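It should be emphasised that the depicted structure is a prediction, and the values quoted were computed from it without experimental measurement. The first residue of the sequence shown is numbered 1, and numbering continues consecutively from there.
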Amino acid sequence: SEYKLDLSEPVAFKAIYGDKNFIDRFLSDVRVNTLKPYPNPFRDQVSLPLVLPASNQHYEIECSIYNLMGEKVFGSSENGVQSGNFNISWNGSATKEKGIYIYSIKVKNKYLIREYHGRLVKD
């Protein structure tokens, strides 16, 4: 019914109008798809795959992995990532402790900020 923009800074805005099927089809083209980490459970190495939607803006991707005590055991950051398939790899063999780990992935560009969280099991 109403949307307000702060025009003190440039803002990208797009209105999409149509029935639910049309909007779902349209939005599927701009969604970041996070695929399931594999292998999970893992022993040494785990991959966290993403599919980034087509964009004329490059992505910045940050990944952090924490143990259940909240201690960060892994972090990575990539700038200038283009759309398509992208894979984050963690060599968990450096962490000798078996157990559950929590991952956090932040994907952003000029128009988009998304965060994804999940768990990994280390054998």
Transitively linked via ILVMFWY side-chain contacts under 4.5 Å: V46 with Y66?
no
same_hphob_cluster(V107, I102) at 4.5 Å side-chain heavy-atom cutoff
no
How about [X] and [Y]: do any of their side-chain heavy atoms sit closer than 4.5 Å?
X   : Y   : answer
S89 : Q45 : yes
I65 : C63 : yes
E78 : F86 : yes
L50 : N33 : no

Which residues pass the side-chain contact (heavy atoms from CB on, under 4.5 Å) test with [X], not counting sequence neighbours?
X   : answer
K36 : none
K98 : none
P49 : L35, Y38, N87

Between CD on residue E71 and OH on residue Y101, distance to nearest 0.5 Å
9.5 Å
About how many Å separate CZ of R114 and CD1 of I61, when rounded to the nearest 0.5 Å?
13.5 Å
Minimum heavy-atom distance between [X] and [Y], given as atom pair plus value:
X    : Y    : answer
I88  : F74  : CG2-CE2, 4.3 Å
I113 : K108 : CG1-CB, 3.8 Å
V32  : P53  : CG2-CD, 3.7 Å

Within 6.0 Å of CD in Q57, more than 12 heavy atoms from elsewhere
yes
Residues forming a side chain to side chain donor-acceptor pair (under 3.5 Å) with N79, sequence neighbours excluded
none
ring-ring contact (aromatic ring centres under 6.0 Å, His included) against F42, all qualifying residues, sequence neighbours excluded
W90
Could you walk me through whether E62 and S76 pass the side-chain contact (heavy atoms from CB on, under 4.5 Å) check?
CA-CA 6 Å; E62 298 172 12; S76 73; over 6 Å; no
Identify all side-chain donor-acceptor contacts of residues 115-123 below 3.5 Å with residues at least two apart in sequence or on another chain.
from : atom 1 : to   : atom 2 : distance (Å)
H117 : ND1    : S104 : OG     : 3.4
K122 : NZ     : R43  : O      : 3.1
K122 : NZ     : T95  : O      : 3.3

